[in-house]
**Student:** 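Shown below is the structure under consideration.
Convention: sequence-line order gives letters A, B, ...; per-chain numbering from 1.
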Amino acid sequence: MALAGIFLMLFLISHLLTNLLMLAADGGKAFDRAVELLGHPAVKIVEYTLFAAFLIHILLGVILQLINYRARPVKYKKAPRTEISTFSRYMFHTGIIIFVFLVIHLINFFFVRMGWAPLPETAAHSHDFRPMAVALFQNPWYSGFYVISMLFLGFHLKHGFQSAFQSLGLNHTKYTPAIKIIGTLYAIFISVGFAIIPVYFLFFFSS
Amino acid sequence: MNVTLKIWRQQNAQTKGKFKTYPLRDVSPEMSFLEMLDYLNMQLIEKGEEPVAFEHDCREGICGTCGLYINGRPHGPMRNTTTCELHMREFKHGEVIYIEPWRARAFPVLKDLIVDRSSFERIMHAAGFISTNTGSAPEANSTPVSKIIADKAFDAAVCIGCGACVAACKNSSAMLYAAAKVAQYAMIPQGKVEAKERVDKMVRQMDAEGFGFCSNTYGCEFDCPKGISADFIALMNREFFSSRVCGHKQK
Amino acid sequence: MQKLNAKIPEGPLAEKWSRYKAGLRLVSPANKKKLEIIVVGTGLAGASAASALGELGYKVKAFCFQDSPRRAHSVAAQGGINAAKNYKNDNDSIYRLFFDTIKGGDYRAREANVYRAAEVSNLVIDHFSALGVPFARDYGGSLDTRSFGGVQVSRTFYAKGQTGQQCLLGAYSSLNRQVAKGNVKMFPRRDMLDLVITEGRARGIITRNLVSGELERHSAHAVVLATGGYGTVFYLSTLGLGSNASAAWSAHKKGALFANPSFIQIHPTSIPVLNDYQCKLTLMSESLRNDGRVWVPKEKGDKRHPTEIPEDERDYYLERRYPAFGNLVPRDVASRAAKERCDAGYGAGDSGLSVYLDFKDAIEAQGKKAIQDKYGNLFEMYEKITGINPYTQPMRIYPAGHYTMGGLWVDYNLMTTIPGLFAIGESNFSDHGANRLGANSLMQCSGDGYFILPNTISDYLADDIRTGKIPTDQQPFQEAEEAVKEKIQKIMAIGGTRSATSFHKKLGKIMWDHCGMRRDAEGLRKGKEMLNELEEEFWKDLRIPGSDKEINQELEKALKVADFFEVGRLMCEDAIQREESCGAHFREEHQTETGEARRDDKNFAYVAAWEYKGHREKPEVHKEPLHFENVEIKERSYK
């Protein structure tokens, strides 16, 4: 769970950095170069690992949730007042939202690339992601959904980051507080980073 | 002061239980929570009703026998406090107080507020010890232990085995309980010898008992009456991975 | 008359145990597997005995009334465990630990037993350290010690204020190891209700399964009682509420002599009674008297807030009366001194039944941090219970019933007068005389369990290697079970109106008033009569709701209270018989002009072992004379 999570968190950084290139004022050249790089065979291996990581993370998440649910067959009548962070309480729920997002996200881009979905008119070929994205983001409903999903992703990461370290036993009286701060910064960076892209294309971009 | 108690009543492990309401008058704020229940029970007995069954023994917060889920928290609203140390001065006149047993598949209810915690016992039977025979110990000071480590081991060793960590955890996980013992022994030189085998056996037993998995919400730490840190869970995780990766194959 | 043979070996004191041990018979490993031993009680004594016997290869069945052995009341011992390691280079030695214990016990303990306990104390510390018990340490990594009441050396090993918990968990861990190996089988949630004797030997017990209510027969080749003390006879005491006398009492009724029942320690530093529904007095460790100073106002009935009473208006009465030991006088002396001040009208608090224990000077001298490190958890505990912060205000304390030096009479082998029935730890009488020194109880319990009993029991079992399994369908088992069943039916059928606790409360009050810290013949006789009356009421007006075929905590309590009437009477009987003051036993008629205890060594240097003669029948006393060959009997002075 934690290992897959860490891999996914690393992936998110590279994904975000790539996406942010869309915002570059070069008409998307840098972004296209980056996308080209992703076609490299070495990256393919990473891609398969990525799919595996998603699968493991999601499957384990569901299995653990089921086991945990079964571990308390009779619930408390009085709602628990044990103070725990809201984010940690709703990891499964934020996880589901992110999963829904992921599915739509894959339909929009990955299916197109695999030829399972028709190529949008705006795109020149199946790897021409930027026009596809721009078209989607200019739909306020889609952008809104995207931004909200990113918010939940941020919540998920806020807990997930330090939780992964805890689960792997990587804690230390000196460094754990720093890990917690870095985790928060990371979560903000990822969720805000992704969210500004649709906001930019929705409000500040005219083709 | 007067309070209204809503208490889980269940005849035995086989029957279904339900909440019953007991208005209780003239409760002294100086009473401990359990003395308040004694007071209720005395009235119930005088009326010819069956008293509420709950477990307790030392009444000074060290034996770990007592444990009630009071108004949504194990051992009630105070931190670092067992049920028996809780006093009625922490409640308001007219307050409604829900009293429930620990809820977990691994802690089946035996009667009213009494649960069976033998799953905890079996985790300890698995390997909660240092294998040393009586008479085989070296002179005590021949094994120096750093004061810092000894103090940390003590912080883990203060676990009273009450089960509040399981009751508090949204997953009913027993990680803090197991981790406290694993950590105590893994840190000190006497316990390092068999640390890898120990953590493996104890974690396996814990999983077999039907506790949930840890999702690092730290509810256990928040409600542990002895203030045991969830850092020990990380330490157990580390020990566990190191046992899995570097430990020898066991039969 | 049964003749008491203590079987104390010949030879010089320091060599008695090693020589005797060398002569004890052994049981071969192959035969040990065939021998079963029942251990009742899983406190420090029981858990250590069960694990040590398991390690040797015996088949052990261990019983406790709690849901886990870890909850036995040894867990509540706070201050520490003594050993003669001399790590502080303060000229401590086995002899000095022995001497302090004999003197602390006011010359009413057996020399040979006490010396042996001191001798094995060092092994106990080594063993606990190897078991991972987190004792306090110095920065160099070696074990730290502190001093305790009644001694002038620093020999007490400790783990903050939770030494008992940590030692018990150490013993519990060794017990768990034997459970894992299959050598010990645990029977938790069982009350022992009777002892079974076949052909003159203890061969089993009858227990009630506290969950199902079933009566069970368990057999073994020997039975070990490690059932603790009977301090809950006072109702309000420092003991766990489940602690009781019933197991030991059932053995007494079956013929085991009960020694010095009136020797019951009143601990000087417990949190005083705060409300009418209180059922428990919480102990504040004696170690607090290392740094805390005990005082009361000099003015009678001074109700000012303690922090408003200036230094020169405080009476540090322990320092005044006992300059050599000051606040660290033994428990009996400290308790009586507190009672004396309170009875004279100087007591603190609304009830006037408490004295101050003040840390102001210690905090000023050493800093709050140092005090916090030493006593942090005790201070927290005090604040939780009373709502008062002891860092800024003195604690209020008062004596409370605590530890029973009396118990089943045992010989040097720790065997009672019933062959095959052993008693260890607090449940026997042997090592503390008329008063126990602080931190000696953990020492004795673990010494008995780990290092003494496993040796002596083999000598007894050596005769049993051909016996084979003891069947439980024999007549004595049937009879014992029948008797228990009848008793339960009888008590369930009373159908009165009052709870067992209400009787226990009254009983406790009678005992505290008439057989407590200060006793006199008239009061003791009156106490006995009052017990008789209350007992009659009990058997008429008790009410136990529910059935006996399920968890029934009222039934459990009632069975214990029923025995306490008899225990209480025997305590009074013993206290009447002992026309002297010694240790915890203080007779008003026998005191010096300055109010100190006056012992009578000429007539009372003996152990009074009582034989049960039937319900309400006068018990018969047997006397085991005490010989002091290695210490000179002196007036016990802490001045």
**Student:** Give, for atom OG of B:Ser173 and atom CD1 of A:Ile67, the distance between the pair rounded to the nearest 0.5 Å.
**Tutor:** 11.5 Å
**Student:** Name the member of B:Phe19, B:Tyr69, B:Trp8, B:Phe211 that forms the most heavy-atom pairs with chain A at distances under 4.5 Å.
**Tutor:** B:Tyr69
**Student:** Can you give me every donor-acceptor pair (side chain of residues 150-169 of chain B, partner residue at least two apart or in another chain, under 3.5 Å) with its distance?
**Tutor:**
| from | atom 1 | to | atom 2 | distance (Å) |
| --- | --- | --- | --- | --- |
| B:Asp151 | OD2 | B:Lys147 | NZ | 3.2 |

**Student:** With A:Lys78, which of B:Ile97, B:Ile99, B:Asn71, B:Ile70 fulfils side chain to side chain contact (heavy atoms under 4.5 Å, CB included)?
**Tutor:**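 Exactly one candidate clears the test, B:Asn71.
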**Student:** With a 4.5 angstrom heavy-atom cut-off, is it the side chain or the backbone of A:His159 that approaches chain B, or both, or neither?
**Tutor:** side chain
**Student:** How many angstroms lie between atom CH2 of B:Trp102 and atom OH of A:Tyr76, to the nearest 0.5 angstrom?
**Tutor:**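 So the gap between those two atoms works out to 7.0 Å.
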**Student:** So for atom OH, which belongs to A:Tyr90, do other residues, nucleotides or ligands contribute more than 12 heavy atoms lying within a distance under 6.0 Å?
**Tutor:** no
**Student:** Would you compute the distance between atom OG1 of A:Thr82 and atom NZ of B:Lys170 and round it to the nearest 0.5 angstrom?
**Tutor:** 12.5 Å
**Student:** Provide the closest heavy-atom pair for A:Ala71 versus B:Gly210 in the form atom of the first, atom of the second, distance.
**Tutor:**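 Smallest heavy-atom distance, with atoms named: CB-O, 3.7 Å.
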**Student:** Has A:Lys180 got its NZ or CZ under 6.0 Å from the middle of the six-membered ring of B:Tyr218, at an angle within 45 degrees of the ring axis?
**Tutor:** yes
**Student:** To check you understand the geometry: which heavy-atom pair defines the closest contact between B:Glu100 and A:Lys75, and what is its length?
**Tutor:** OE1-O, 4.4 Å
**Student:** Would you say B:Phe241 and A:Leu168 make side-chain contact, with heavy atoms under 4.5 Å?
**Tutor:** yes
**Student:** Side chain, backbone, both or neither: which part of B:Phe240 has a heavy atom under 4.5 Å from chain A?
**Tutor:** neither
**Student:** Pick whichever of A:Gln162, A:Gln65, A:Met1, A:Met91 has the most heavy-atom pairs under 4.5 Å with chain B.
**Tutor:** A:Gln162
**Student:** Does NZ or CZ of A:Lys77 lie under 6.0 Å from the centre of the six-membered ring of B:Tyr98, at an angle within 45° of the ring axis?
**Tutor:** no
**Student:** Taking B:Ser172, B:Pro74, B:Ala104, B:Ala106 one by one, which has the highest count of heavy-atom pairs under 4.5 Å against chain A?
**Tutor:**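 Among B:Ser172, B:Pro74, B:Ala104, B:Ala106, the one with the most close pairs to chain A is B:Ser172.
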**Student:** A quick test of your reading: do over 12 heavy atoms of other residues, nucleotides or ligands sit less than 6.0 Å from CZ of A:Phe109?
**Tutor:** yes
**Student:** Does atom CZ of B:Arg89 have more than 12 heavy-atom neighbours from other groups under 6.0 Å away?
**Tutor:** yes
**Student:** Based on non-hydrogen pairs under 4.5 Å, which of A:Ala79, A:Ser85, A:Ala2, A:Pro73 is most in contact with chain B?
**Tutor:**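 Ranked by heavy-atom pairs under 4.5 Å with chain B, first place is A:Pro73.
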**Student:** For A:Leu59, does the CG atom sit with more than 12 other heavy atoms under 6.0 Å from it, leaving out its own atoms?
**Tutor:**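 Result for CG/A:Leu59: enclosed.
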**Student:** If you apply the rule side chain to side chain contact (heavy atoms under 4.5 Å, CB included), what do you find for A:Asn171 with B:Arg238, and how did you get there?
**Tutor:** CA-CA 9 Å; A:Asn171 82 323; B:Arg238 188 161 70 233; 3.0 Å; yes
**Student:** What distance separates B:Arg79 CZ from A:Glu83 CD, expressed to the nearest 0.5 Å?
**Tutor:**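 Taking CZ in B:Arg79 and CD in A:Glu83, the distance rounds to 7.5 Å.
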**Student:** For B:Pro77, is it the side chain, the backbone, both or neither that has a heavy atom under 4.5 Å from a heavy atom of chain A?
**Tutor:** neither
**Student:** If I compare all heavy atoms of B:Asn237 with all of A:Gly169, which pair ends up nearest, and what's the gap?
**Tutor:** CB-N, 3.9 Å
**Student:** Is it true that a side-chain atom of A:Arg72 and a backbone atom of B:Arg103 form a donor plus acceptor pair closer than 3.5 Å?
**Tutor:** yes
**Student:** Could you check whether any side-chain N or O of A:Asn68 sits under 3.5 Å from a backbone N or O of B:Phe213, counting only pairs where one atom can act as donor and the other as acceptor?
**Tutor:**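 Here the side-chain-to-backbone pair exists.
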**Student:** Report the option among B:Lys6, B:Glu239, B:Arg73 that has the most heavy-atom pairs separated by less than 4.5 Å from atoms of chain A.
**Tutor:** B:Arg73
**Student:** When you look at A:Ser167 and B:Asn216, which way does the side-chain hydrogen bond (donor to acceptor under 3.5 Å, both in side chains) test go after all the steps?
**Tutor:** CA-CA 8 Å; A:Ser167 294; B:Asn216 304 326; 2.9 Å; yes
**Student:** Heavy atom to heavy atom, less than 4.5 Å: which residues from residues 4-17 of chain A reach chain B?
**Tutor:** none
**Student:** Considering only heavy atoms, which portion of A:Thr173 lies under 4.5 Å from any heavy atom of chain B: side chain, backbone, both, or neither?
**Tutor:**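 Interface part for A:Thr173: side chain.
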**Student:** Atom CD in A:Gln166, atom OG in B:Ser215: separation rounded to 0.5 Å?
**Tutor:**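 The distance works out to 11.0 Å.
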